[in-house]
*Asks:* 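Have a look at this one.
Convention: sequence-line order gives letters A, B, ...; per-chain numbering from 1. Hydrogens, waters and symmetry mates play no part in the numbers below; they use all other heavy atoms, side chains included.
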There are 2 protein chains.
Amino acid sequence: MATIKDVAKVAGVSVATVSRVLNSNGYVNVDTKKRVDQAIEQLNYRPNDVARALFKGRSKMIALFVPDIMNPFFPELARAVEDITNKNDYTFVLCNTDDNLEKVLTYMDALQQKSVDGIIIVSSTITAESLKRINVPVIALDRIFSSELSTVTVDNYQGARKATEYLIGLGCQRIAHISGPINASNAKNRLQGYLDIVSDEDWFLPSYVASGSFNLQKAKDVATELLMNHPELDGIFAANDVMGIGAMKAAESLGIHVPNDLSVIAFDGITMGEMATPSLTTMEQPIYDMGARAAEMLIEQINDQKLSRKNEAFSVQLVERQSTKRKRDMNE
Amino acid sequence: MATIKDVAKVAGVSVATVSRVLNSNGYVNVDTKKRVDQAIEQLNYRPNDVARALFKGRSKMIALFVPDIMNPFFPELARAVEDITNKNDYTFVLCNTDDNLEKVLTYMDALQQKSVDGIIIVSSTITAESLKRINVPVIALDRIFSSELSTVTVDNYQGARKATEYLIGLGCQRIAHISGPINASNAKNRLQGYLDIVSDEDWFLPSYVASGSFNLQKAKDVATELLMNHPELDGIFAANDVMGIGAMKAAESLGIHVPNDLSVIAFDGITMGEMATPSLTTMEQPIYDMGARAAEMLIEQINDQKLSRKNEAFSVQLVERQSTKRKRDMNE
DNA sequence: ATGCTATATGTAACCCGTTACATATAATGA
DNA sequence: TCATTATATGTAACGGGTTACATATAGCAT
């Protein structure tokens with residue numbers, strides 16, 4: 001690997017001049033620049049980012065914390081963040097936290113030691129306290145866990161209202177909700193949106209709400225219980241698509257036909273929802289756009305440390321597919 | 001951020017002694033060590049990895065190249081690699097290549113400049129030539145693209161044979177294959193496995209093979225064509241699960257019942273296959289284990305540069321689910 | 001002609017570790 | 001007792017960049 005000294009020698013100048021050429025800094029004579037460029041070309045020289053990082057205290061790396069990349073919601077988010085970070089000459093580091101605070105802290109130390117420039121975090125368990133451990137810009141994505149951070153989310157509350165209203169509009173008369181973990185802000189808001197629509201209905205029972213932890217198997221289990229205890233249910237709003245699929249699996253194994261006997265709507269808009277049979281009606285989030293926006297905001301903050309806090313909420317969009325259907329006997 | 005100098009000052013020793021304590025190198029008096037440890041504790045000192053990397057020419061970073069993390073096969077692979085790299089105190093960098101050579105080269109330059117320690121590559125298009133661009137250990141995973149590299153794969157050929165034989169064993173008498181891109185070694189071997197079983201059958205037609213590019217929509221299209229042109233088909237072996245789901249979707253929209261009229265078997269064992277309805281019979285790969293093994297092999301190679309080339313192939317396992325069924329009328 | 005500024009380039013300190021080498025004392029062996 | 005070795009610690013060079021500061025010439029205004 002050629003170094004800046006080699007380039008300087010070949011071009012017959014000092015390292016400072018080469019550095020000026022590399023960074024388009026200060027004064028450099030056009031002819032000198034030409035000679036330096038030639039030397040760079042000739043030696044196929046690439047500046048050593050580690051040396052730069054050491055001096056600058058910045059590494060041109062951005063990290064994304066997700067609970068688990070195997071959860072199908074996250075790959076698209078990760079892809080978006082990676083695309084934007086790369087476009088801006090950053091390197092993308094992926095960290096699976098399992099929503100485990102200790103892992104998060106270990107990651108933060110490791111990243112700090114590598115002079116990471118900024119972090120995007122999807123988490124419901126991280127404490128604002130633990131962010132003090134690291135002194136770089138942080139953006140919260142998808143879920144809010146500290147009021148001091150800039151955030152990118154969707155309007156979970158309105159989306160949940162719309163989903164519930166949609167089921168009512170189809171003629172559903174008993175609607176259950178499978179919620180995510182209530183310590184997650186998005187799950188909480190989706191639950192609230194549902195409750196604000198149905199809690200005044202005379203048919204509503206608190207036992208129409210069950211927690212599925214954003215997990216397929218768990219959702220399948222609670223949906224089974226829900227459907228067995230409440231055969232009158234004709235609609236389910238699941239707080240995410242994975243749980244929506246779990247609910248459909250539960251219905252199927254109980255011989256309940258979706259969408260004829262039961263309409264299922266969920267939330268997220270992951271590809272898997274389209275592939276399910278029946279395909280899943282859902283409140284679609286602009287997942288890629290959210291990841292991309294979070295990355296952009298982070299880079300803005302890296303470039304301008306004093307930038308103020310900003311919250312951006314995308315809106316969600318109803319995508320009607322096969323898991324919901326207007327009720328025939330809606331002529332009362 | 002405290003530096004090693006601060007620690008040295010507080011402990012009343014030189015930086016060399018602190019360094020010795022940090023790295024358990026050379027001689028250090030027990031009492032001195034105690035004082036240094038206290039100083040480290042007191043200042044909450046963490047060594048600067050960038051400075052270390054500059055001196056050592058190694059960054060403790062490992063990169064994984066995948067075509068696209070949004071393809072559901074890769075998250076589990078990525079998760080495995082990340083787990084192992086972290087366990088060994090490496091930082092995990094994810095690179096989506098889109099199987100685009102130019103992106104690959106850009107990544108390689110960027111990683112080289114950051115003194116990355118090693119790379120794991122899933123790719124069908126990278127040339128052995130382009131690997132010369134970077135001078136670090138490389139492991140090929142899932143697909144073989146250079147005979148000079150250590151590789152971790154599965155026995156695609158045997159798996160494909162078993163899948164095809166399984167369909168025959170169920171009584172299928174006309175079996176088509178939806179292949180992946182033939183420039184991918186795994187797709188090629190799966191195709192060959194299929195061909196070696198069926199090409200001598202008198203019913204076999206070359207037009208029973210169609211390429212689906214490992215892509216759902218493409219597979220759905222070619223499956224539709226296949227099923228329309230060849231209504232006699234009663235079995236499909238898709239070269240991966242995503243295409244298997246595409247084939248089922250095609251059958252569904254043509255009113256062909258899976259598995260009663262058509263058995264579908266695929267390859268991979270991704271979670272989505274379980275979630276599909278009917279759930280997908282498949283040749284399951286130990287995806288996590290493969291990623292983990294590749295990471296382990298890479299780390300071995302990083303620690304012992306002269307380690308010889310090694311190829312490891314995991315075996316695949318038949319997982320019977322709802323998309324395949326023994327034919328009733330198999331009494332001839 | 002003189003002083004000031006813009007242009008051009010070089011020297012060396014600095015970022016923060018690691019380690020070769022120097023130095024010094026204590027322990028061991030002949 | 002003297003040489004040798006093990007133990008203990010410090011000094012300074014080094015890795016490869018960036019940049020503050022010094023230096024020097026040319027162009028311009030007064």
*Asks:* With B:K56, which residues qualify under salt bridge (charged side-chain N to carboxylate O under 4.0 Å, His left out), at least two apart?
*Replies:*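 In terms of salt bridge (charged side-chain N to carboxylate O under 4.0 Å, His left out), with neighbours along the sequence ignored, B:K56 is linked to no residue.
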*Asks:* Whole angstroms only, please: what is the CG-C1' distance between B:N25 and D:dT7?
*Replies:*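 It works out to 15 Å between those atoms.
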*Asks:* Could you tabulate the donor-acceptor pairs under 3.5 Å formed by side-chain atoms of residues 26-34 of chain B, not counting sequence neighbours?
*Replies:*
residue	atom	partner	partner atom	Å
B:N29	OD1	B:D31	N	2.7
B:K33	NZ	B:D37	OD2	2.8

*Asks:* Taking only residues at least two apart or on different chains, which pairs with a member in residues 92-131 of chain B satisfy ring-ring contact (aromatic ring centres under 6.0 Å, His included)?
*Replies:*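 Output for this query lists B:F65-B:Y107.
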*Asks:* Ignoring hydrogens and geometry, is there a side-chain-to-backbone donor-acceptor pair from A:T106 to A:E102 under 3.5 Å?
*Replies:*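 Such a contact is found between A:T106 side chain and A:E102 backbone.
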*Asks:* Find out whether B:N23 and B:S19 are in side-chain contact, i.e. whether some heavy atom of one side chain is under 4.5 Å from a heavy atom of the other.
*Replies:*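 They are in contact (side-chain heavy atoms under 4.5 Å apart), so the answer is yes.
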*Asks:* Residues in side-chain contact (heavy atoms from CB on, under 4.5 Å) with A:V15, at least two apart?
*Replies:*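 Applying side-chain contact (heavy atoms from CB on, under 4.5 Å) to A:V15 gives A:I4, A:K5, A:A8.
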*Asks:* Scan B:T17 against the nucleic acid and name what it touches under 4.0 Å (heavy atoms): base, sugar-phosphate only, or nothing.
*Replies:*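 Result for B:T17 = sugar-phosphate.
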*Asks:* Under the salt bridge (Lys or Arg N to Asp or Glu O under 4.0 Å) rule, what pairs show up with a residue in residues 14-25 of chain B, not counting sequence neighbours?
*Replies:*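 Residue pairs passing salt bridge (Lys or Arg N to Asp or Glu O under 4.0 Å), neighbours aside: none found.
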*Asks:* Judged by each residue's nearest nucleotide on DNA chain D, which is more toward the 5′ side, B:V30 or B:A16?
*Replies:*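 Its nearest nucleotide lies further toward 5', so the answer is B:V30.
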*Asks:* Would you please name every residue forming a side-chain contact (heavy atoms from CB on, under 4.5 Å) with B:E296, sequence neighbours left out?
*Replies:*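 With neighbours one apart ignored, the set is B:I84, B:R293.
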*Asks:* First and last nucleotide of DNA chain C in contact with chain A, 5' to 3', at under 4.0 Å to a heavy atom: what are they?
*Replies:*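 With heavy atoms of chain A under 4.0 Å away, the range is C:dA6 to C:dC16.
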*Asks:* Whole angstroms only, please: what is the CZ-P distance between A:R20 and D:dT18?
*Replies:*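 Rounding to the nearest Å, CZ of A:R20 and P of D:dT18 are 11 Å apart.
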*Asks:* Is any side-chain heavy atom of A:C95 closer than 4.5 Å to a side-chain heavy atom of A:L64?
*Replies:*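 No, their side chains stay 4.5 Å or more apart.
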*Asks:* Mind listing the residues from residues 37-63 of chain B sitting with a heavy atom below 4.0 Å of DNA chain D? Number order is fine.
*Replies:*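 The stretch gives B:A51, B:L54, B:F55 as the residues lying under 4.0 Å from the strand, ordered by number.
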*Asks:* Considering every strand and a 4.0 Å limit on heavy-atom distances, what is the contact class for B:V18: base, sugar-phosphate, or nothing?
*Replies:*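 Nothing, no nucleic acid heavy atom in range.
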*Asks:* Please check if the side chain of A:N88 supplies one atom and the backbone of A:T85 the other of a donor-acceptor pair under 3.5 Å.
*Replies:*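 Judged by distance alone, no pair lies under 3.5 Å.
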*Asks:* Start at the 5' end of DNA chain C and walk down; is the nucleotide closest to A:Y27 or to A:S14 reached first?
*Replies:*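 The residue whose closest nucleotide sits nearer the 5' end is A:Y27.
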*Asks:* For DNA chain C, find the residues of residues 107-115 of chain B with a heavy-atom distance under 4.0 Å and give them by number; none if there aren't any.
*Replies:*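 Here the set is empty: none.
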*Asks:* To the nearest Å, give me how far apart NZ (B:K5) and P (D:dA12) are.
*Replies:*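 Computing the B:K5:NZ to D:dA12:P distance gives 13 Å.
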*Asks:* Sequence neighbours left out, what passes side-chain contact (heavy atoms from CB on, under 4.5 Å) with A:S115? Give chain and number order.
*Replies:*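 With sequence neighbours excluded, A:S115 shows a side-chain contact (heavy atoms from CB on, under 4.5 Å) to A:S59, B:V50, given in chain and number order.
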*Asks:* Within the 4.0 Å heavy-atom criterion, would you say B:S19 contacts the bases, only the backbone, or no part of the nucleic acid?
*Replies:*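 Base contact - B:S19 has a heavy atom under 4.0 Å of at least one base atom.
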*Asks:* Ignoring hydrogens and angles, tell me if any N or O in the side chain of A:T151 forms a donor-acceptor pair with the backbone of A:N311 under 3.5 Å.
*Replies:*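 No: the side chain of A:T151 does not pair with the backbone of A:N311.
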*Asks:* Taking side-chain contact (heavy atoms from CB on, under 4.5 Å) as the definition, give me every residue that meets it alongside A:E76, ordered by chain and number, with sequence neighbours left out.
*Replies:*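 Here the qualifying residues are A:I287, A:Y288, B:M70.
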*Asks:* Just to be sure I follow the notation: if a pair is Watson-Crick (purine N1 to pyrimidine N3 plus N6-O4 or O6-N4) or a G-U wobble (N1-O2 and O6-N3), each under 3.5 Å, what dot-bracket string does DNA chain D give, with | for pairs to another strand?
*Replies:* ||||||||||||||||||||||||||||||
